[in-house]
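Quick notes on the structure that follows.
Throughout, protein chains are lettered first and strands after them, A, B, ... in sequence-line order, and every chain is numbered starting at 1. When reading the values below, keep in mind they use all heavy atoms of this one structure, side chains included, and skip hydrogens, waters and symmetry mates. Everything numeric in this text was worked out from a predicted model, so none of it was measured.
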Number of protein chains: 2
Amino acid sequence: MQRDKLPTIKEIAKRLKVSTSTVSRALHNHPSIGYITTYRVHKLADEMGYEPNHTAISFKQRKTYTIGVLLPNLSEAFFSAAISGIENFAGTKNYNVLLGQSLDDPEREKRIIETMKTHRVDGMIVSITKNTENYDHFDQLAKYRIPIVFFDRIPEKENINYVACNLESGLLQALNLLIEQGHRKIGLINGPDQLIASNQRKETYLKGLVGNNIQPDDKLMVSSTLSKESNQQATNSLLELKDRPTAIITFNDYVALDAIAIAKKQGLVINKDVCIVSFANLPIWEYMDNRPLASIEQFPYRQGEKASEILFSFIESQPSTDDESKEPLSNQQIIFDSELIKHL
Amino acid sequence: MQRDKLPTIKEIAKRLKVSTSTVSRALHNHPSIGYITTYRVHKLADEMGYEPNHTAISFKQRKTYTIGVLLPNLSEAFFSAAISGIENFAGTKNYNVLLGQSLDDPEREKRIIETMKTHRVDGMIVSITKNTENYDHFDQLAKYRIPIVFFDRIPEKENINYVACNLESGLLQALNLLIEQGHRKIGLINGPDQLIASNQRKETYLKGLVGNNIQPDDKLMVSSTLSKESNQQATNSLLELKDRPTAIITFNDYVALDAIAIAKKQGLVINKDVCIVSFANLPIWEYMDNRPLASIEQFPYRQGEKASEILFSFIESQPSTDDESKEPLSNQQIIFDSELIKHL
DNA sequence: TTGTATGCGTTATCAG
DNA sequence: CTGATAACGCATACAA
């Protein structure tokens, strides 16, 4: 039962009869410390099993070597892939990742931002809640000079850093493919109207049709709350049309799963009677018989890496002493191009 | 461009012409501080936008209010569900979660443990690598009195805390169901031999058969490295048998996906010519046509919660001052019962 | 009920 | 090349 005393530089200094500053510098291989002293310090430190106390260093340096990551939901494959990329990148910088999930609850989101702030993370990557309307808590981070990079779900706001995915490229590819294959009645099962993501899909959908000289039809555009029931209902409302669509683009893979199930129940053959194209978030279509014709891929892992990269460009540019000389970095707004991945 | 000076209790004390200790205590609503003083302190603190500096507190209290979670892989649904449960539980205790993924690389695992240690997390939840053989780095945590709860993939070692899942219950249920349905040749596609998880499956498989008076057949037990190729090969070797099994139990859902694909390619009808039962880690079977007859569910989210609960029982029992009076808590080893969930 | 003094472990600024 | 000392922000033992 050894005593609570952990080795500190002070202890090393005492035993070596040198000063703590010497030990500190020796441990950092500071050039001003003699070779022999440096060696002796390292040797004793090893023997004593000395390990720097990170909490003391964080305190002193005002740096925690930790970034905060706030995501709506870790059980969604899209986000867990993203955090995987983030964690990986942070690791290369010897940074740790402090995790929070908002569960799409703005109150929770606010609380988490609060704790991240008091923890003094060196930076944050955030994907906001579906319902976040007030951005004050994010602005508060500026007070502590905590840079923030928004990710995927970004606020409607000027002067922010973000990494997101341009759904347009992939969706236009999808529409072109479908039209090329002779489809003229192409349905859209969109998400809730208030989501930016829904709007983007809608705009691009319309643009893609018009660009191919196809007259959009309001009846072919339906919305779902993204619950299973709502997905099913939306699918039904499309399939019950007199002029049934021969292809359907769904808001995401979960909607696609529901849509496929309903279509099959109605005796339709997937990708023959009705083609499905979805925005990807599941990695397992290749195993399924009734899978979409193609998915619009958003590369969450790479997006996560990119967001980290941007965040670290800010973290590393921060003057350690308050050296106001350097220009503040300007905002970075990276937009990935989504891509159509065919499954058949 | 406001100055770097953030409000501290010292600043509040100065303005209120009281001592820092008074402010500190007032902020904590210490009963010894007068109502009026307490009020004034809170008021000014609010006005100044005071927020406690967590790094200072961590340093002083030797507590970081952070737990470390080390998992092999965040992109696996099982683990992302688990971390979701952990994060959630930690949140209720106002704790943060520091994240690390080993990617099944023992070196990486060791490095992460190292950083977690220097970060002085208050506790850890760890699921070890497939190849972890040396547990020294875990033992090092004891030096800092960092309690550790192993999760799911646990080391073969005495005197540890862990939460894991008893595969026996679910697997026996599965075997009973299959045998009840008339199956006599039941194959097993297991994982690598060195995995405890594989061994458990094998033992139980044998036990279940013998208990039902069925003579096990070595040829019906095959192993896979869990790569796609190996899964396919293992499946083939079973299906090519003269006495082809009429049911196959797979190591996990990914193996099941591969097995189902191969079986179909060979013209077999799933759950008619050959029944599949798998150990669950995918949440989407209900959408698939060719799905296993049933899955053995392990409840990762709940396991994560439970692991957190145990960890906090240790964290909270830790004497803040080195008060050696209390008995150290004895090890807790919780084993969940897996359950068979039918899909058809 | 409040104040004073101290220390947590480290780095940094001086001075030598 | 090295040492003494202050400082980071907070909590607490002790004193009043």
Side-chain angles (χ1 to χ4, degrees), chain A residues 3-41 45 48-65 117-120 144-145 319-323, chain B residues 3-42 45 48-65 117-120 122 144-145 319-323:
Chain A
R3 213 65 202 99
D4 225 0
K5 282 299 168 201
L6 293 167
T8 68
I9 54 171
K10 212 184 268 182
E11 184 63 23
I12 297 177
K14 199 196 291 176
R15 296 212 202 171
L16 249 34
K17 297 189 201 298
V18 296
S19 72
T20 59
S21 35
T22 301
V23 176
S24 172
R25 285 187 281 236
L27 253 13
H28 291 276
N29 294 314
H30 192 285
S32 79
I33 301 295
Y35 176 77
I36 306 172
T37 314
T38 303
Y39 173 79
R40 290 179 62 220
V41 168
M48 296 175 64
Y50 167 79
E51 301 186 60
N53 182 335
H54 197 269
T55 65
I57 295 172
S58 293
F59 174 48
K60 178 85 173 112
Q61 313 279 55
R62 292 130 174 270
K63 279 198 109 208
T64 53
Y65 300 94
K117 193 170 55 181
T118 58
H119 263 265
R120 299 287 198 272
Y144 293 91
R145 305 235 179 120
S320 50
T321 58
D322 34 11
D323 165 16
Chain B
R3 215 60 204 100
D4 225 1
K5 282 297 169 201
L6 294 167
T8 68
I9 56 170
K10 209 185 275 180
E11 184 62 21
I12 297 178
K14 198 196 294 177
R15 295 213 202 171
L16 249 34
K17 296 189 200 301
V18 296
S19 72
T20 59
S21 43
T22 303
V23 175
S24 172
R25 286 187 279 237
L27 253 13
H28 289 117
N29 295 314
H30 193 284
S32 79
I33 300 297
Y35 177 76
I36 306 172
T37 313
T38 303
Y39 173 80
R40 290 179 61 220
V41 168
H42 273 109
M48 296 174 64
Y50 167 79
E51 301 185 61
N53 182 335
H54 196 268
T55 64
I57 295 173
S58 294
F59 174 47
K60 177 90 174 97
Q61 313 280 64
R62 290 130 175 269
K63 279 198 108 205
T64 53
Y65 300 96
K117 192 171 57 181
T118 58
H119 264 263
R120 299 287 198 271
D122 293 345
Y144 292 92
R145 305 238 178 118
S320 48
T321 59
D322 34 10
D323 164 17

Rounded distance in Å - [atom1] ([X]) to [atom2] ([N]):
X	N	atom1	atom2	answer
B/Tyr65	D/dA11	OH	P	9 Å
A/Lys17	D/dA4	NZ	P	13 Å
B/His54	D/dA11	NE2	P	11 Å
B/Gln61	C/dT6	CD	P	20 Å
A/Arg40	D/dT2	CZ	P	10 Å
A/Lys14	C/dG9	NZ	P	12 Å
B/Ile57	C/dC8	CD1	C1'	13 Å
A/Tyr144	D/dG9	OH	C1'	12 Å

Face-to-face stacking of B/Phe59 with D/dC10, centres under 5.5 angstrom, angle under 30°: no

Think [X] has a side-chain N or O under 4.0 angstrom from the OP1 or OP2 of [N]?
X	N	value
B/Lys10	D/dC8	yes
B/Tyr35	C/dT2	no
B/Arg62	C/dG9	yes

Nearest-0.5 Å distance, CD1 of residue B/Ile9 to CE of residue B/Met48: 11.5 Å

query: Roughly how far, to the nearest 0.5 Å, is the OH atom of B/Tyr144 from the CG atom of A/Asn53?
result: 8.0 Å

field: A/Lys60 (side chain) and C/dT11 (base): donor-acceptor pair under 3.5 Å
entry: yes

task: Can you run down the salt bridge (Lys or Arg N to Asp or Glu O under 4.0 Å) pairs that involve residues 27-41 of chain B, sequence neighbours left out, and say none if there aren't any?
output: none

task: Among residues two or more places apart or on two chains, list those pairs meeting salt bridge (Lys or Arg N to Asp or Glu O under 4.0 Å) that have a residue in residues 51-60 of chain A.
output: A/Glu51-B/Lys117, A/Glu51-B/Lys143

- prompt: If you find the nucleotide of DNA chain D closest to B/Pro7 and the one closest to A/Thr38, which residue's nucleotide is nearer the 5' end?
  reply: A/Thr38

Bending between helix ends of the helix from C/dT1-D/dA16 to C/dG16-D/dC1 [5 pairs per end, 10° resolution]: 40°

query: Mapping A/Ile9 and B/Ser32 to their closest nucleotides on DNA chain C, which lands nearer the 5' end?
result: B/Ser32

Anything under 3.5 Å between a donor and an acceptor, one on a side chain of residues 10-20 of chain A, the other on a protein residue two or more places apart or in another chain? List them.
unit_1, atom_1, unit_2, atom_2, d
A/Glu11, OE2, A/Arg15, NE, 3.4
A/Ser19, OG, A/Ser21, OG, 2.9
A/Ser19, OG, A/Thr22, N, 3.3
A/Ser19, OG, A/Thr22, OG1, 3.0

- prompt: From C/dT2, C/dT10, D/dT2, pick the nucleotide closest to the side chain of B/Ile33?
  reply: C/dT2

task: Not counting sequence neighbours, which residues clear ring-ring contact (aromatic ring centres under 6.0 Å, His included) with A/Tyr50? List them please.
output: none

- prompt: Base, sugar-phosphate, or nothing for A/Thr55, non-hydrogen atoms under 4.0 angstrom?
  reply: nothing

query: Looking at residues 18-27 of chain B, who's got a heavy atom less than 4.0 Å off DNA chain D?
result: B/Ser21, B/Ser24, B/Arg25

query: Quick one: side chain to side chain contact (heavy atoms under 4.5 Å, CB included) partners of A/Ser58, sequence neighbours excluded?
result: A/His54, A/Thr64, B/Thr55

task: Quick one: list whatever passes side chain to side chain contact (heavy atoms under 4.5 Å, CB included) with B/His42, sequence neighbours left out.
output: B/Leu27, B/Asn29, B/Thr38

message: How close do A/Pro7 and A/Gly49 get, counting heavy atoms only, and between which atoms?
response: CG-O, 3.7 Å

side-chain hydrogen bond (donor to acceptor under 3.5 Å, both in side chains) involving B/His30 - partner list, sequence neighbours excluded: B/Ser32

